[in-house]
Amino acid sequence: MGPQGKRIALALSGGGFRATLYHLGLVRFLRDAGILRNVTHITSVSGGSIIAAHLALHWSRYNGTEQDFDAAAAELLAYMRLDVRNRIVRRFPLGFSVRWLRRLVGLSNRKLTRTGLLEHHYQQHLFGDVSLFELPETPQLHILATNLSEGRLTSFNRDGLWHIRRDAGHGFRIDRERIGLATVPMAVAASSAFPGFFPPMLLTGEDVGARSGTFGRQSFTDGGVFDNLGVRMMHFLARAGGESALPWDGVLVSDVGKPFEVQSSAESVGMVRTAMRASDILMDRVWQLESETFKDTPGYVFARITDVVQQSEDPTAMHPELQRQLPSIRTDLDRFTPLEMGSLIRHGYCVARKACRALPKVFGDELPQNPPWAPDADAQTQGASPVARELTQVTKAARTLHASGARRIWSTLFDFRDWASYVYVPIIVPILVLTPYFTLKYYEYSHRMNQIIQSLAQGSRDVDQMSRLMDGPIARFAGEKYEQLAPGQAVDRAGFTILQDLRMIDLRRWYGAKTTAANSYMYGYRRLKVRREPDNDKNNVFRASVLAIAPDTQVRFPPQTVKPKLYASDAGTTPAGQKMIHWEIQADFRRVPPGDVVDIVYEHISPGAFVVEGTSSNTISFSVEEKTAELTRWLLMPEGREYKDFLLIRYKDDNPDLSEKVKLATEYLAEDRTILAFKLLGLEGGYTYELTWFYK
């Protein structure tokens, strides 16, 4: 039994339900050793505040018979089976439907926030609507939170709210504030509002019953941001009582922290995870600082979850490999399994016994040797029993505990035991059922449309070419070598009919006719569908002009039935004095039987000197040299410049002063006005067409 007359202070660190369960095992050992009744001061943070508040409110039960202790602990364990975090996640969106109404009638929406819902769960399922002034005088409980408004440590306790503020000269003072309506659930929620998931708890003077004008609006978050161990408050309490009059004989620090985990992929995380990671780094740094500061202080004993109790020290301890997995269990407020709960409780019990042995003058030298308290028999049967000797059981349990480090979100988001899950059924079920249905229908529709398009295109390479252009501008290429065209050499196109004349002109990499930039160029694609007339048995040469006129034009021929050749001749100079070249392609039809149809395709890269540039418009001229059944033009506008309107006129080659507006057979419209396209039918030869488009 514990030594009589010794006063013990207990600091319970943060760490979610992992901390709560570990502390519960430690508290059970203190009760079995007769030490718990000697505890006069308790400081708690986050997950430690959950058990600390329950311990203080049910002090006589925790110090009573084994049955009393088991009954009180059962309430705590039931809360940890409740899956609090996911219950909050399920209820939080439902609050949006009533927030506007509550605001309209002047009610606060604080209880509808995630932190407010956490407070509600503490009140409904664990503490009840108990005010802070109803806490017992002994032990003196300090529920610690971080005041974000001032960046200070604060304590919720029986006297109200204590603000720890710095004085000049590196001293400190404790400012006490009466908050008669503040409740234990409110204080524990503020203390355990872990940054990243729970927003800070915003309290007003009306919420806590403070005097008008003295409290204002203050924000509180997890106490671990300032001190995750709770030992700093012990320092303030000791100093406040005077250097020579410590209010206790020893301090037992139940530490559930673990060494910082290195993440090799930290550079690839998003904004939210970066914020949470930064919070982890800050809290780890605070933990290191407080541990280093107080570890050698006389009277301070640390019971760390990272301590491994060898079975040579304590035959009742769990297998060492099981103990090594426990510090990695998630620090969360979701549902914990019997194995997780039983293992943490047993480990807290054994480490507490080891820690108390280190200071016998305070904790006594006759400590109980009984096996650890195990509130859940299932934990023992799963391999967490201290007498588990079969390696297969230990390995299985160790692997299960190792997996407990992962935060469980999607797999536990919905729970058939929670009514809120069923609210989402009318939403989720139709989505799960209808999404595959509409996905299948859309696929079938797209597949049919693709077949129709392919059928209409009749396997035309134009579709593939446009797809290539949509993927991105065609890169520069080296063209074919050309032969010199004899001056005045006549063009004889008799015996040929042009069924289709399609041009695609890509201006996305063209920066103006006057530019000299090396990266400015225009790409052109042309396909001519030419029929050799049945009565044409003499003329085997088909020739067509290329739109480009610059000397550095590059022309190439994709694979095709006929083998075109490139020819060039001098075409004089432009009004600006630039040299012009007349380019022609020539196809040999000797192997094409009369009456057959072949495609002639060529591509060209050029500076775009054939484009006439106006103030807010551009013009391209093209000649229809022979009778053409169908003519199609596609123009991709320069990057960042959409056209507003366009005009197409024509005039005879021998009478350019007499022009007429051309009526389109079809106009292809792009919603973003980045593609200009049209089709003409039944064109006569000997006409020049001018296309002018105007920019927005």
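Below, each value reflects all heavy atoms present in this structure, side chains not excepted, and no hydrogens, waters or symmetry copies. Model, not experiment: these values are computed from the prediction.
In this structure, T674 and L636 have side chains that are not in contact, with every pair of non-hydrogen atoms separated by 4.5 Å or more. A heavy-atom distance below 4.5 Å is not found between the side chains of E630 and K529. Looking at Y651 and L658, their side chains never come closer than 4.5 Å, going by heavy atoms from C-beta outward. Taking the side chain as every heavy atom from C-beta outward, I600 and R527 never approach each other to under 4.5 Å. Looking at heavy atoms from C-beta onward, L647 lies in side-chain contact with K661 at the 4.5 angstrom threshold. The closest side-chain heavy-atom distance from K396 to R399 is not below 4.5 Å. Side-chain contact between Q500 and L502 is absent, with no heavy-atom pair separated by less than 4.5 Å. Counting heavy atoms from C-beta outward, R503 and T632 have side chains that stay 4.5 Å or more apart.
Side-chain atoms of Q554 come within 3.5 Å of backbone atoms of G479 as a donor-acceptor pair (strictly under, hydrogens ignored). Here the side chain of R18 pairs a donor or acceptor atom with the backbone of I329 at under 3.5 angstrom. The main-chain N or O of D83 is never found under 3.5 Å from a side-chain atom of R87 such that the two would form a donor-acceptor pair. At least one donor-acceptor pair closer than 3.5 Å links the side chain of T115 to the backbone N or O of P199. One N or O on the side chain of T146 and one on the backbone of D222 form a donor-acceptor pair closer than 3.5 Å. The main-chain N or O of P558 is found under 3.5 Å from a side-chain atom of Q560 such that the two form a donor-acceptor pair. Formation of a donor-acceptor pair under 3.5 Å by the T628 side chain with backbone atoms of I498 is not found in this model. With hydrogens and angles disregarded, no donor-acceptor distance shorter than 3.5 Å links the side chain of T331 to the backbone of G16.
Every residue two or more places apart in sequence or in another chain that forms a salt bridge (charged side-chain N to carboxylate O under 4.0 Å, His left out) with R508 is listed here: D506. Scored by the salt bridge (charged side-chain N to carboxylate O under 4.0 Å, His left out) test, R591 finds no partners at all (sequence neighbours excluded). A search for ring pair (Phe, Tyr, Trp, His ring centres under 6.0 Å) contacts involving Y689 returns F622, not counting sequence neighbours. With sequence neighbours excluded, no residue forms a side chain to side chain contact (heavy atoms under 4.5 Å, CB included) with P594. Scanning for salt bridge (charged side-chain N to carboxylate O under 4.0 Å, His left out) contacts around E639 gives R509, with sequence neighbours left out. Residues meeting the ring pair (Phe, Tyr, Trp, His ring centres under 6.0 Å) test with Y668, sequence neighbours left out: W634. For R633, the salt bridge (charged side-chain N to carboxylate O under 4.0 Å, His left out) criterion is met by D501, not counting sequence neighbours.
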Return a table of donor-acceptor pairs under 3.5 angstrom between the side chains of residues 466-476 and protein atoms on other chains or two or more places apart.
{"unit_1": "S467", "atom_1": "OG", "unit_2": "V463", "atom_2": "O", "d": "3.0"}
{"unit_1": "R468", "atom_1": "NH1", "unit_2": "Q465", "atom_2": "OE1", "d": "2.8"}
{"unit_1": "R476", "atom_1": "NH2", "unit_2": "A518", "atom_2": "O", "d": "2.7"}
{"unit_1": "R476", "atom_1": "NH2", "unit_2": "S520", "atom_2": "O", "d": "3.3"}

Under 3.5 Å, side-chain donor or acceptor atoms of residues 602-620 against the rest of the protein: list the pairs with distances, not counting sequence neighbours.
{"unit_1": "Y602", "atom_1": "OH", "unit_2": "R526", "atom_2": "NH1", "d": "3.2"}
{"unit_1": "Y602", "atom_1": "OH", "unit_2": "S545", "atom_2": "O", "d": "3.4"}
{"unit_1": "E603", "atom_1": "OE1", "unit_2": "R556", "atom_2": "NE", "d": "3.1"}
{"unit_1": "E603", "atom_1": "OE2", "unit_2": "Y523", "atom_2": "OH", "d": "2.3"}
{"unit_1": "S606", "atom_1": "OG", "unit_2": "G608", "atom_2": "N", "d": "3.4"}
{"unit_1": "E613", "atom_1": "OE1", "unit_2": "A513", "atom_2": "N", "d": "3.0"}
{"unit_1": "N618", "atom_1": "OD1", "unit_2": "Y695", "atom_2": "OH", "d": "2.5"}
{"unit_1": "T619", "atom_1": "OG1", "unit_2": "T692", "atom_2": "OG1", "d": "2.8"}

Show the atom names and distances, to 0.1 Å, of all donor-acceptor pairs under 3.5 Å that link a side chain in residues 427-436 to residues at least two apart or in another chain.
{"unit_1": "T435", "atom_1": "OG1", "unit_2": "I431", "atom_2": "O", "d": "2.5"}

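The two atoms that bring I88 and L117 nearest to each other are O-CD1, 3.9 Å, heavy atoms only. Annotation for A587 and V562: closest pair CB-CG2, 4.1 Å, computed over non-hydrogen atoms. The heavy-atom pair separating E480 from L566 by the smallest distance is O-CD2, 3.8 Å. When all heavy atoms are compared, the tightest approach of A571 to I581 is CB-C, 4.0 Å. When all heavy atoms of D334 and F17 are compared, the pair lying nearest together is O-CD1, 3.3 Å. Nearest heavy atoms, P551 versus W583: O-CZ2, 3.6 Å.
Distance check, rounded to the nearest 0.5 Å: CG of L631 to CG of L681 gives 9.5 Å. The CG atom of L648 sits 6.0 Å away from atom CG of L680, with the distance rounded to the nearest 0.5 Å. Note that OG of S569 and CG of L485 are 5.0 Å apart. Values are rounded to the nearest 0.5 Å. Distance check: Y521 OH to T553 OG1 gives 14.0 Å after rounding to the nearest 0.5 Å. The distance from the CD atom of Q586 to the CD atom of E483 is 8.5 Å, given to the nearest 0.5 Å. With rounding to the nearest 0.5 Å, the separation of CG in L333 from CG in N86 is 10.5 Å.
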Handout entry: Evaluation steps, salt bridge (charged side-chain N to carboxylate O under 4.0 Å, His left out), between K563 and D588
Key = CA-CA 7 Å; K563 308 296 183 186; D588 188 351; over 6 Å; no
Practice task
For V546 and I585, run side-chain contact (heavy atoms from CB on, under 4.5 Å): C-alpha distance rounded to whole Å, both residues' side-chain angles, the deciding distance at 0.1 Å, then the answer.
Solution key: CA-CA 7 Å; V546 178; I585 59 103; 3.9 Å; yes
Exercise for the section: Give the intermediate values and the outcome of side-chain contact (heavy atoms from CB on, under 4.5 Å) for residues L118 and F194. Expected result: CA-CA 11 Å; L118 178 63; F194 180 78; over 6 Å; no
Exercise for the section: Begin with the C-alpha distance, continue with both residues' side-chain angles, and end with the deciding distance and a verdict on salt bridge (charged side-chain N to carboxylate O under 4.0 Å, His left out) for R650 and E690. Expected result: CA-CA 6 Å; R650 73 169 185 173; E690 279 191 3; over 6 Å; no
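Screening N540, T497, D596 for a side chain to side chain donor-acceptor pair (under 3.5 Å) involving R532 leaves a single residue, N540.
Checking N539 against N536 by side-chain atom types alone, no donor-acceptor pair falls below 3.5 Å.
Taking the six-membered ring where tryptophan is involved, the planes of F678 and F646 are essentially parallel, since the angle between them stays under 30° and well short of 60°.
Heavy atoms from other residues, nucleotides or ligands lying under 6.0 Å from NZ of K111 number more than 12. When the shell of 6.0 Å around NZ of K696 is examined, it contains more than 12 heavy atoms from other residues, nucleotides or ligands.
Applying the salt bridge (charged side-chain N to carboxylate O under 4.0 Å, His left out) test to every pair with at least one member in residues 565-584, sequence neighbours left out, gives these pairs: R543-E584. Applying the ring-ring contact (aromatic ring centres under 6.0 Å, His included) test to pairs two or more places apart or on separate chains, those with a residue in residues 494-518 are F496-F542, F496-F589.
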